[in-house]
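Chain A is the first sequence line, chain B the second, and so forth, proteins listed ahead of strands; every chain is numbered from 1.
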There are 2 protein chains.
Amino acid sequence: MKNESRDASRSPRQVCAHGDRHASEEVRRIENAFFDLSRPNTAPRRILVEKLAELARTGEAFSTDDLWQGLRAVHGRIGRATVYRSIEQLVESKVLDRVELRDGSRRYRVCGGAHHHHLVCNTCHRVEEFQECLSVRTIEEIGRRHGFTVEEHTLTVYGTCSSCLKSGDK
Amino acid sequence: MKNESRDASRSPRQVCAHGDRHASEEVRRIENAFFDLSRPNTAPRRILVEKLAELARTGEAFSTDDLWQGLRAVHGRIGRATVYRSIEQLVESKVLDRVELRDGSRRYRVCGGAHHHHLVCNTCHRVEEFQECLSVRTIEEIGRRHGFTVEEHTLTVYGTCSSCLKSGDK
DNA sequence: ATTGCTGCAAAACCTTTGCAAATGT
DNA sequence: ACATTTGCAAAGGTTTTGCAGCAAT
């Protein structure tokens with residue numbers, strides 16, 4: 001998680017150069033999530049948005065501690081509580097998805113707006129998205145049969161990714 | 001964990017009298033899970049098996065603390081660690097399912113052996129089972145497309161149950 | 001100036017671990 | 001007797017909270 005050319009900034013403008021092209025869209029989405037709820041454009045937020053845009057690009061899943069460490073490397077003085085508070089807001093506003101690993105620990109991931117679910121590697125903890133799902137009709141039917149009003153659902157597939165299979169880490 | 005007029009029950013069998021008839025089956029399953037791994041038939045285990053058979057009948061979902069409290073009421077001196085250790089074994093041996101609530105907290109539930117998933121009430125935290133699922137073919141296809149070897153999956157539907165809807169707790 | 005975010009440290013939670021004592025076989 | 005489990009208390013890890021100070025508007 002290096003970086004230098006820290007031009008990105010909060011500007012909802014195109015960035016180009018190092019493949020940051022569509023990152024601006026991501027950056028805007030994340031900024032909106034913050035500023036819908038609050039006003040101040042503070043340093044911690046700028047750094048967080050930047051880091052999350054980067055994580056969005058790689059699709060990396062991370063723990064709260066991973067994120068805290070990553071941010072400290074840039075900002076130094078950022079508090080754990082700030083990270084927790086931000087993650088909470090961002091999950092709430094659907095910028096982040098919370099994913100439960102098989103061992104029960106949690107990771108977060110910047111996820112697109114489209115309906116999707118997660119495929120998790122039990123070895124390296126990589127998380128990928130997929131679209132397949134039960135039909136809305138079927139889900140509603142499940143709720144109806146039990147007298148529930150359905151609000152949401154999660155579908156998570158656990159397994160071993162190809163590189164972990166190859167390297168035999170499995 | 002009250003109980004009395006617990007006629008509702010999801011048991012696909014008649015219940016009669018104290019509804020303990022088929023509980024013996026449940027009891028045996030739970031005992032086996034313990035004794036497959038170890039020998040001693042200790043008091044804490046007997047009480048645990050009994051309590052879980054009861055919870056199986058009502059289909060109630062519980063937290064580790066709920067269970068600990070429930071057991072203490074009977075046994076008095078049972079330690080939290082024993083409860084944690086037992087739950088771990090029982091999840092491992094598929095007697096219990098771990099269910100994640102919408103708020104991120106965890107509950108456990110005695111679940112049948114058949115493949116199933118969970119419907120969770122976001123208000124009262126009731127958990128019910130349902131059978132619907134993607135086809136094995138589809139799940140394998142998801143894995144194949146991403147180069148994953150699929151090991152397992154979870155599907156959880158969250159909503160509000162009819163009684164919470166009625167009582168407006170929602 | 002006002003508002004509310006931030007960092008820090010402490011507190012609250014939840015779960016695991018070490019070990020002597022108790023228990024079952 | 002021997003092998004395990006149990007209860008207790010302490011340790012570990014994670015998340016939340018309270019609050020003074022600070023930054024943004």
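In this entry the distance linking CG of B:Leu71 with C1' of D:dT6 reads 13 Å, nearest Å. Here the P atom of nucleotide C:dC13 and the CZ atom of A:Arg106 are 16 Å apart, to the nearest Å. Look at CZ on B:Arg46: it is 6 Å from P on C:dG24, rounded to the nearest Å. Note: CD1 (A:Ile87) to P (D:dT15) measures 8 Å, nearest angstrom. A:Arg77 has its CZ atom 9 Å from the C1' atom of D:dC22, to the nearest Å. Whole-Å rounding puts the B:Trp68 CH2 to C:dT15 P distance at 13 Å. Nucleotide D:dT15 holds its P atom 11 Å from the CG atom of A:Asp66, rounded to whole Å. Atom C1' of nucleotide C:dG24 and atom CZ of B:Phe34 are separated by 15 Å, given to the nearest angstrom.
For B:Arg46 and B:Glu50, the salt-bridge test fails: no basic side-chain N is under 4.0 Å from an acidic carboxylate O.
Of the candidate nucleotides D:dG7, C:dC5, C:dG7, C:dC5 has the atom lying nearest to any side-chain atom of A:Pro40. You'll find that the side chain of A:Thr82 is closest to C:dT6, out of C:dC8, C:dT6, D:dT25. Distances were taken from every side-chain heavy atom of A:Arg85 (C-beta onward) to each of D:dG18, D:dC8, D:dT5; the shortest belongs to D:dG18.
Put simply, A:Thr64 has a side-chain N or O that comes within less than 4.0 Å of OP1 or OP2 on D:dT15. For B:Thr42 and D:dT4, the shortest distance from a side-chain N or O to OP1 or OP2 is not below 4.0 Å. In this structure, A:Arg45 reaches the C:dT6 phosphate: one of its side-chain N or O atoms is under 4.0 Å from OP1 or OP2. Here B:Tyr84 does not reach the OP1 or OP2 of C:dT16: none of its side-chain N or O atoms lies under 4.0 Å away.
Judged purely by distance below 3.5 Å, without hydrogens or angles, the side chains of A:His116 and A:Gln131 never pair a donor atom with an acceptor atom. A:Ser63 and A:Asp65 form no side-chain donor-acceptor contact under 3.5 Å, judged by distance and modelled atom types alone. A side-chain N or O of B:Glu151 and one of A:Thr160 form a donor-acceptor pair less than 3.5 Å apart.
Residues B:His153 and B:His115 place their aromatic rings such that the two centres sit under 6.0 Å apart.
Between B:Ala43 and B:Arg80, it is B:Arg80 whose nearest contact on DNA chain C lies nearer the 5' terminus.
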